[in-house]
Structure formats: structure tokens, C-alpha cells
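Counting convention: from 1, in listed order, for ligands and their atoms alike. The figures that follow rest on heavy atoms only: side chains count, while hydrogens, waters and symmetry mates do not.
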Amino acid sequence: MKTMLVTGGCGFIGSHLVDVLIDQGYQVIVLDDLSTGREYNLNDQAELIVGNITNSTLVNSIIKETDACFHLAAIASTQSSNQDWVGTHQVNLTGTINIFNVARRTGKRPIPVIYASSAAVYGNTEENLIDESYPKQPLTAYGADKLGCELHAKVAGNIDGVPTCGLRFFNVYGPRQDPSSPYSGVISIFANRILSNQSITIFGDGNQTRDFIFVSDVVRYLIAALNQATTEAPVFNVCTGERISIHELAQTAMNVAEQVVPILHQDPREGDIRYSIGNPKAAKDNFNITANITLQEGLSQLFKSF
Ligand code: NAD
Ligand code: UD2
């Protein structure tokens with residue numbers, strides 16, 4: 001039986017990945033510091049090690065026992081990176097370098113690392129679909145560090161022979177995305193507030209757009225990426241190729257929930273991306289996968305999960 005390490009496995013995306021890996025017969029070890037992840041998210045057949053990805057001794061001792069690593073642990077908020085530049089950098093970039101470094105497993109074959117990058121590496125884009133070669137101009141420290149992860153993945157491949165595959169997630173949503181933090185994903189915040197009949201707030205004019213992808217689709221990409229990890233360090237968009245404005249999202253969410261709440265407006269957030277829509281073609285060609293959950297279906301599954 002193969003053993004997979006999932007960093008950040010108590011978090012939103014990681015916990016769904018762990019469920020599917022266990023269903024597929026893998027043994028799973030999770031490394032998570034429980035900073036935003038929750039133990040109750042975690043499948044009880046997974047082994048949880050509570051600790052920090054920046055602790056090289058700890059990560060080294062765990063990785064020895066594993067056949068591959070899904071590296072999802074991060075401080076997954078652009079706004080947190082604006083507020084704690086150095087702290088988020090230590091986790092989001094130094095923590096990732098630590099994972100690549102121990103994946104070398106000196107004396108043994110390096111293990112493949114599938115890691116989460118982000119659409120934030122592009123910064124502001126045009127309104128059109130963007131593919132992987134689009135210029136990278138991150139607006140936030142979070143985006144800059146995710147781009148740094150991609151650059152260091154190349155180094156891991158070139159110098160140390162570590163096979164990697166980076167996935168640039170666009171805006172992921174679904175059950176277990178924690179709505180309690182103000183920096184959580186907009187869909188989890190809107191869904192929680194609509195269901196509890198509270199007003200929602202739109203930052204800026206609401207015409208900013210996003211490409212929202214449901215978490216079960218993201219998990220399919222993650223598992224397929226195991227076969228894509230090479231020392232060339234490929235990177236793929238993980239997105240639907242469909243856009244919606246935040247204003248339209250608010251209306252759609254209220255329609256699906258059959259509940260209308262007041263919409264308030266506040267100033268735009270620092271470093272907020274105006275348009276974000278990815279081209280899913282490269283992942284489709286290489287993984288033979290496309291996202292298949294529509295926003296309406298995904299929202300409806302999310303509302304049922306509350
Ligand atoms: P999440 O906050 O739910 O999960 C992150 C997990 O990492 C949590 O369980 C947290 O406790 C853990 N963690 C944080 N710092 C750690 C550390 N120093 N050591 C060990 N564990 C630590 O976030 P998520 O939405 O599931 O994000 C997963 C990954 O996907 C992240 O790398 C994030 O940057 C990336 N991503 C997410 C989105 C999205 O829309 N959710 C978009 C693009 C990229
Ligand atoms: C998401 C990811 C981030 C990063 C980025 C990639 C989350 C939490 N963050 O950041 O990790 O990968 O995508 O580009 O998933 N908004 C409101 N009202 C609210 C909350 C948000 O109007 O109550 C707006 C916000 O200003 C932004 C949009 O909704 O324009 C999406 O915000 P978000 O925090 O869900 O995600 P984003 O795109 O900043």
C-alpha cells in the first residue's frame with residue numbers, strides 16, 4: 001500500500017483530498033499545525049501529525065516513510081500576507097522550500113511533490129481567458145511567494161532531481177471552507193450569511209470577476225497530477241474557464257438559497273485582483289480532466305452541507 005503525505009490535510013482542500021486518497025486505498029499521513037485546519041475535518045483513517053512545515057527535522061522524519069507528497073499547507077489568504085508579510089513568507093515560501101529539500105531524501109530516490117500554487121501569481125490580467133504563459137505580475141506577497149514556489153520547484157528538479165507538479169488553483173469553494181474568518185473565500189462567507197439571514201458586504205463595485213471551481217473537481221486534478229510530476233516542474237491552471245462578477249455571485253447565491261439579504265458596499269481590498277479567469281485547456285490536454293460541477297450545482301451542494 002502506498003503512503004501519501006498531505007500537508008495541510010486538515011484544511012478545506014486538503015481534507016477532501018485525504019478522503020478520496022483513503023477511498024482509493026492509500027495510506028495517508030497528514031502534517032498540519034491546525035492554524036486554520038480543523039481536526040474534525042480529517043478522515044479518521046488518516047494519521048495526523050500536528051506540526052509545522054517549516055520544521056525540517058520533523059518533515060524529514062515523516063517524508064522518509066512516504067511515496068509522494070501533496071503540499072497544500074499555506075497561509076491561504078492574500079489579505080493575511082498584506083498584514084504579516086514576513087510571517088506568511090516563512091510558511092508559504094520557506095515552508096515549501098523545506099518540503100522540496102527533504103523530498104530529495106539523500107541516498108534514496110526523491111519523492112514527487114504536487115503543490116498548490118495560485119492564480120494570484122498572475123496579478124491583474126485582462127478580461128480574457130489566461131493561459132499558463134501569461135505574464136506573472138503578482139500584486140500581493142501571497143502571490144509573489146506562490147510564484148517563488150514555482151521557481152524553487154524548477155530548482156528542485158534541476159539540482160536535486162525532485163519531480164514536481166504545481167497547480168495554480170483559481171477560486172476554490174465548497175463544504176468545509178471555514179466561513180468564520182473575514183479572509184475566507186467569498187462564497188463561504190456569502191453562503192453562511194445568507195443562510196443566517198444576515199447582510200453581505202461587497203468590497204469595491206462588485207464588478208471584479210472570478211473563476212470559481214468546486215473542491216471535488218480540484219481533488220480530481222490533484223490526484224491526476226501525480227502522473228504529471230517531472231523534474232521539468234510543470235505548472236497548470238486549475239479552473240473552469242467561466243467567469244462571474246462578485247455582484248452576480250451574490251444574486252446567484254441568494255437565488256439558489258431562495259433567501260434575499262441586504263447587500264452592503266465597502267472600499268475595495270488592498271491588492272484585490274480585478275479580473276481572474278483561467279484557460280483550463282493545458283490541464284485538459286495533459287490530464288484529460290475538466291471541471292464538471294457548475295456553479296449552481298456547487299452552491300446547492302454547499303448550502304446542503306451547512
Ligand atoms: P486552508 O487554510 O483551509 O488549509 C491550509 C491548511 O494548512 C490548514 O489546515 C492549516 O492549518 C495548514 N497550515 C497552515 N500553515 C501551516 C504550517 N506552517 N504548518 C503546517 N500546516 C499549516 O486553505 P485551503 O483553501 O484548503 O488552501 C490549500 C492550499 O491551496 C493552500 O496552499 C492555498 O494557498 C492554495 N490555494 C487555495 C485557493 C482557494 O481558493 N482556497 C486558491 C488558490 C490556492
Ligand atoms: C483567492 C484565494 C487566495 C488566492 C487567490 C488567487 C481564498 C480565501 N483566497 O483570493 O488564496 O489563491 O484567490 O487569485 O480563497 N469579497 C467581497 N466580500 C466578501 C469577501 C470577498 O466582496 O465578504 C470579494 C473580494 O474583495 C474579492 C472577491 O470577493 O474581489 C474574492 O475574494 P476571496 O477572498 O474569496 O478570494 P481572492 O480572489 O481574494
Practice item. Say whether Val18 and Val215 are linked into one hydrophobic cluster, either directly or through other cluster members, by side-chain heavy-atom distances under 4.5 angstrom. Key: yes
Check your understanding: Just distances here: any N/O of Val172 and N/O of ligand 2 closer than 3.5 Å?
Key -> no
Atom indices of ligand 1, in the order listed, that fall short of 4.0 Å to a heavy atom of [X]:
| X | value |
| --- | --- |
| Phe170 | 40 (O), 42 (C), 43 (C) |
| Val172 | 39 (C), 40 (O), 41 (N) |
| Ser118 | 43 (C), 44 (C) |

Check your understanding: Given that the side chain starts at C-beta and the backbone is N, CA, C, O, which of these parts of Lys146 lies under 4.0 Å from ligand 1, counting heavy atoms, or is it both or neither?
Key -> side chain
Point to revise | Location of contacts on Leu34 toward ligand 1, heavy atoms closer than 4.0 Å | key: backbone
Is there a side-chain contact between [X] and [Y] (heavy atoms, below 4.5 Å)?
| X | Y | value |
| --- | --- | --- |
| Ile29 | Leu31 | no |
| Tyr275 | Glu126 | no |
| Asn43 | Val28 | no |
| Val235 | Tyr115 | yes |
| Ile213 | Phe169 | no |
| Ile200 | Ile189 | no |
| Arg193 | Val261 | no |

Review point. Does atom 1 (C) of ligand 2 have a protein non-hydrogen atom under 4.0 Å from it?
Key: yes
Is any N or O atom of [X], backbone or side chain, closer than 3.5 Å to an N or O atom of ligand 1?
| X | result |
| --- | --- |
| Leu72 | yes |
| Ala116 | no |
| Tyr142 | yes |
| Val91 | no |

Exercise for review: Indicate yes or no: does Asp160 engage Arg104 in a salt bridge with an N to O separation below 4.0 Å.
Suggested key: yes
Check your understanding: Between Asp131 and Arg168, does at least one N-O distance fall below 4.0 Å, as a salt bridge requires?
Key -> no
Looking only at protein heavy atoms, identify the closest one to [atom] and say how far it is in Å.
| atom | answer |
| --- | --- |
| atom 39 (O) of ligand 2 | Thr78 OG1, 3.8 Å |
| atom 4 (O) of ligand 1 | Gly11 CA, 3.6 Å |
| atom 22 (O) of ligand 2 | Phe203 N, 2.9 Å |
| atom 30 (O) of ligand 2 | Asp272 OD2, 2.7 Å |
| atom 24 (C) of ligand 2 | Gln208 NE2, 4.0 Å |
| atom 32 (O) of ligand 2 | Arg269 NH1, 3.9 Å |
| atom 33 (P) of ligand 2 | Val186 N, 3.9 Å |
| atom 14 (O) of ligand 2 | Ala120 N, 3.4 Å |

Among [options], which residue places a heavy atom closest to [atom]?
| atom | options | result |
| --- | --- | --- |
| atom 37 (C) of ligand 1 | Thr36, Leu31, Ile13 | Ile13 |
| atom 25 (O) of ligand 1 | Phe12, Tyr183, Tyr115 | Phe12 |
| atom 44 (C) of ligand 1 | Ala76, Ser117, Gly51 | Ser117 |
| atom 14 (C) of ligand 1 | Ala73, Gly9, Gly8, Ser35 | Ser35 |
| atom 18 (N) of ligand 2 | Thr201, Thr209, Asp211 | Thr201 |
| atom 9 (O) of ligand 1 | Leu58, Asp32, Thr7 | Asp32 |
| atom 28 (C) of ligand 2 | Ile246, Ile202, Asp267, Thr140 | Ile246 |

Check your understanding: Any non-hydrogen atom of Thr54 lying under 4.0 Å from ligand 1?
Key -> no
Check your understanding: Is there a heavy atom of Cys10 sitting under 4.0 angstrom from any atom of ligand 1?
Key -> yes
Check your understanding: Are Tyr173 and Phe214 close enough that their ring centers fall under 6.0 Å?
Key -> yes
Judged by non-hydrogen atoms, does [X] sit under 4.0 Å from ligand 2?
| X | result |
| --- | --- |
| Tyr142 | yes |
| Ser276 | no |
| Tyr183 | yes |
| Tyr122 | no |

So, [X] and [Y]: side-chain donor and acceptor under 3.5 Å apart, yes or no?
| X | Y | result |
| --- | --- | --- |
| Thr294 | Gln296 | no |
| Gln137 | Asn124 | no |
| Thr54 | Gln90 | no |

Study note, to complete from the structure: The side-chain hydrogen bond (donor to acceptor under 3.5 Å, both in side chains) partner of Tyr183 among Gln79, Gln83, Arg269 is Gln83
Review point. So Tyr122 and Asn237, side-chain hydrogen bond (donor to acceptor under 3.5 Å, both in side chains) or not? Walk me through it.
Key: CA-CA 11 Å; Tyr122 297 115; Asn237 286 343; 2.6 Å; yes
For ligand 2, which part of [X] has a heavy atom less than 4.0 Å away: the side chain, the backbone, both, or neither?
| X | result |
| --- | --- |
| Pro268 | neither |
| Arg210 | side chain |
| Phe190 | side chain |
| Asn171 | side chain |

Practice item. Output the list of atoms in ligand 2 that are nearer than 4.0 Å to some heavy atom of Ser118, sorted by atom number. Key: 4 (C), 5 (C), 6 (C), 12 (O)
Review point. Numbering the atoms of ligand 2 from 1, which are under 4.0 Å from a heavy atom of Ile273?
Key: 14 (O)
Practice item. For Glu232, look at atom CD and say whether over 12 heavy atoms of other residues, nucleotides or ligands are found less than 6.0 Å away. Key: no
**Study point:** Gln259 atom CD, over 12 foreign heavy atoms within 6.0 Å
**Key:** yes
